[in-house]
Number of protein chains: 2
Amino acid sequence: MADVAEAAGVAVSTVSRALRGRPGVSSAQREQILRVADELSYSVSASASRLAGGRTGAVGVLVPRIDGWFHSTAVAGLQERLHEHGLDLVLYRLQGREERTGFFTRRAFRHRVDALVVVGTTLTPDEEELLAEAGLPVVGISTRPSGRPFADVDDRAGAAGATRHLTNLGHERIAILRSTTLLGTHGAVSHDRYAGFCGAMAERGLDVPEAYVVSAPWGLEGGAQAMAELLSAATPPTAVFAESDEVAIGALRTLRRSNVEVGRTMSVIGFDDHQLAELLDLSTVAQPVHEQGRTGGDLVVEALEHGRVAEPERVLPTRLVVRGTSAGH
Amino acid sequence: MADVAEAAGVAVSTVSRALRGRPGVSSAQREQILRVADELSYSVSASASRLAGGRTGAVGVLVPRIDGWFHSTAVAGLQERLHEHGLDLVLYRLQGREERTGFFTRRAFRHRVDALVVVGTTLTPDEEELLAEAGLPVVGISTRPSGRPFADVDDRAGAAGATRHLTNLGHERIAILRSTTLLGTHGAVSHDRYAGFCGAMAERGLDVPEAYVVSAPWGLEGGAQAMAELLSAATPPTAVFAESDEVAIGALRTLRRSNVEVGRTMSVIGFDDHQLAELLDLSTVAQPVHEQGRTGGDLVVEALEHGRVAEPERVLPTRLVVRGTSAGH
DNA sequence: GTGAAAGCGCTAACAC
DNA sequence: GTGTTAGCGCTTTCAC
């Protein structure tokens, strides 16, 4: 910065003001300084800036995992927006109980990022409190940290829509495949989708016997296994709502191997509109993942620039996508 | 740090030494200091540390995209190792020509990370030179920056293996589906796999007519389209080697829709062992993606800790996975 | 509108 | 083995 100041014939403080867009610099100076800085391909040191009370220009992203369709797509959308605003993205993975507590108690992120974005995992009250102490803006993507801005979909409504689609087709014996997280519990998303399912069933006065609610670890294998369990029931269902497409795809595999005709003997609907859903002709509830990421980016940028967010609760629409795996009964 | 020093009754320099594991502190002191720091849940300011000539404790990761199976899986493996060594991961996306040049000329990463990892994209000589000027350690994952350590597979050998598998099954008319990147060119991986294919064909004295070499944009759609082109050839091939599984899966879709019996009329083999390959019973060449990420992490850690890497060229093995889509002719 | 100067929290000499 | 101290490159009062 000293170099730029010298080249522009001004003091470093003026350069700092110009580069940060602060008032107190004549527009002629400002323009010239920006030009010089560009010629010297100069960029401020994030460390020094942060140390002196400024910004790091980076946002921390908390994900339970980065491989996997949902999280990587959301992060891609987020990254897009952050990049547009010159913000770097620091990736923090929160996997397993210890990694999480370590992260929140150590709070090493305080000195590294200006804000945090939580993607697709529910924070415990303890975790939320520790974050609050750090005093950073926090934004949720596909999760709703209490009192914080978020970008999400209405899982409950989406699940209800999927269920109504099945009941409208004449199905009455409908099962639900629920998923557990790495910690062996049901996440908030699982609860919401389950609630939506139950609500829509109740609307029609349809019963949900215990045997029709199957939980298995999230993923293809879990879905395959859960479906096998359903097929061995005394009276198998005629339709299945899977909490997510990956689970639904696992279920489809079991059905195919069992020679059950999908779309005739058994209807299946998922949730997400995973890239594969189209390929496998799977009916599903589409949610805009990339856009949730982008919207989350908007929220952070707004929080960082204005200190507050005008419209902090962004609920994006889901969309029923009817394909070949769901049909009349 | 001053707080810790006071609480431990020592000078800040001693605390600094203890925390960074440097010599010059009695082990009793060191232990006590670490305990105190832990009690105060203290963590060093990365910014201040960096500014004073230390490390940022972060590694920059350059990916052309983060959604998509390969890159997110490799990043997950890398992240795992970095985390084990207390290193943060800063994600830089390099998409499109301008974004790339901007990144390399601006060099904002200099003040933010201690090293860079390039994942799955080939650097131009210009880019490599700009990186060299920055003076940071650079490591490649699934790419081989000149003169830098890397973790990769032998694409050529893998492709040759896949091709030999087909020729061993009796196929003689074998086509290859090549992919272009977002920039419309063939990447290094594409060239290597093509070379491996040609080599294996030449070994058997088999001809590769021009019509049997089809290029299309990378991805499912590209594969579908390329396969359609092949099917409309005067004499269609009896087997196809697709440069990647995603392309192969696109090809499978076209074959299914055209009622071509896969594994009988037409054999297909891919490359990668994508999660879906198993589901779709696709023969392929498996490459250890997660492990390439982890190995890349090892390389960075070694470069950062010892200044140099003992064994800088890590070529991990590929493995032929024969499934239902490839069969005798 | 602009410049000078005091730190921000650390590391790395350098003394002891 | 330990303490003292001079910066690292910025931002931000505070004078002018």
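Reminder, nothing fancy here: chain letters follow the sequence lines and each chain counts from 1. Below, all heavy atoms of this structure are taken into account, side chains as well, without hydrogens, waters or symmetry copies.
Contact annotation: A:Ser16 side-chain N/O to D:dT11 OP1/OP2 distance is under 4.0 Å. Between A:Ser47 and the phosphate of D:dC10, there is no side-chain N or O to OP1/OP2 separation shorter than 4.0 Å. The side chain of B:Ser26 places no N or O atom within less than 4.0 Å of a non-bridging phosphate oxygen (OP1 or OP2) of D:dG1. Contact check, B:Arg20 against C:dC10: no side-chain N or O comes under 4.0 Å of OP1 or OP2. The side chain of B:Tyr42 contributes no N or O atom lying less than 4.0 Å from OP1 or OP2 of C:dG9. Regarding contacts with the backbone of C:dG1, every side-chain N or O of A:Gln29 stays at 4.0 angstrom or more from both OP1 and OP2.
Put simply, CZ on A:Arg110 is 11 Å from P on C:dG9, counting in whole angstrom units. Atoms NE2 (B:His111) and P (D:dC8) sit 14 Å apart, rounded to a whole Å. In this entry the distance linking CG of B:Leu19 with P of C:dC10 reads 9 Å, nearest Å. Protein atom CE of A:Met1 is 12 Å distant from nucleotide atom P of D:dG9, rounded to whole Å. Computed from coordinates, the B:Arg50 CZ to D:dG9 P distance equals 9 Å when rounded to whole Å. Look at CD on A:Glu6: it is 13 Å from P on C:dG3, rounded to the nearest Å. If you take CG of B:Asp114 and C1' of C:dT11, they are 14 Å apart, rounded to a whole angstrom.
The distance from atom CG of A:Leu299 to atom CZ of A:Arg148, rounded to the nearest 0.5 Å, is 12.5 Å.
Note on ring orientation: taking the six-membered ring where Trp is involved, the planes of A:Phe103 and A:Phe109 are parallel (angle under 30°, cut-offs 30° and 60°).
In this structure, A:Arg106 does not pair ionically with A:Glu99, as no charged nitrogen and carboxylate oxygen lie closer than 4.0 Å.
Side-chain proximity of A:Ser45 to the nucleotides D:dT5, C:dG3, D:dG9 is greatest for D:dG9. Listed nucleotides: C:dG9, D:dG3, D:dC10. Nearest to the side chain of B:Leu51: C:dG9. Side-chain proximity of B:Arg17 to D:dG1, C:dA13, C:dT2: nearest is C:dA13. The side chain of B:Ser49 lies closest to C:dT11, out of C:dT11, C:dG9, C:dA4. The A:Arg22 side chain lies nearest to D:dT12 when the options are D:dT12, C:dG9, D:dG3.
Across the interface with DNA chain D, nearest-nucleotide mapping of B:Thr14 and A:Ala48 shows B:Thr14 to be the residue nearer the 5′ end.
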Checklist entry - When you look at B:His290 and B:Arg294, which way does the side-chain hydrogen bond (donor to acceptor under 3.5 Å, both in side chains) test go after all the steps? => result CA-CA 6 Å; B:His290 201 267; B:Arg294 279 211 311 272; 3.2 Å; yes
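Looking at heavy atoms from C-beta onward, A:Arg100 lies out of side-chain contact with A:Gln95 at the 4.5 angstrom threshold.
B:Ser13 comes within 4.0 angstrom of a base, heavy atoms only.
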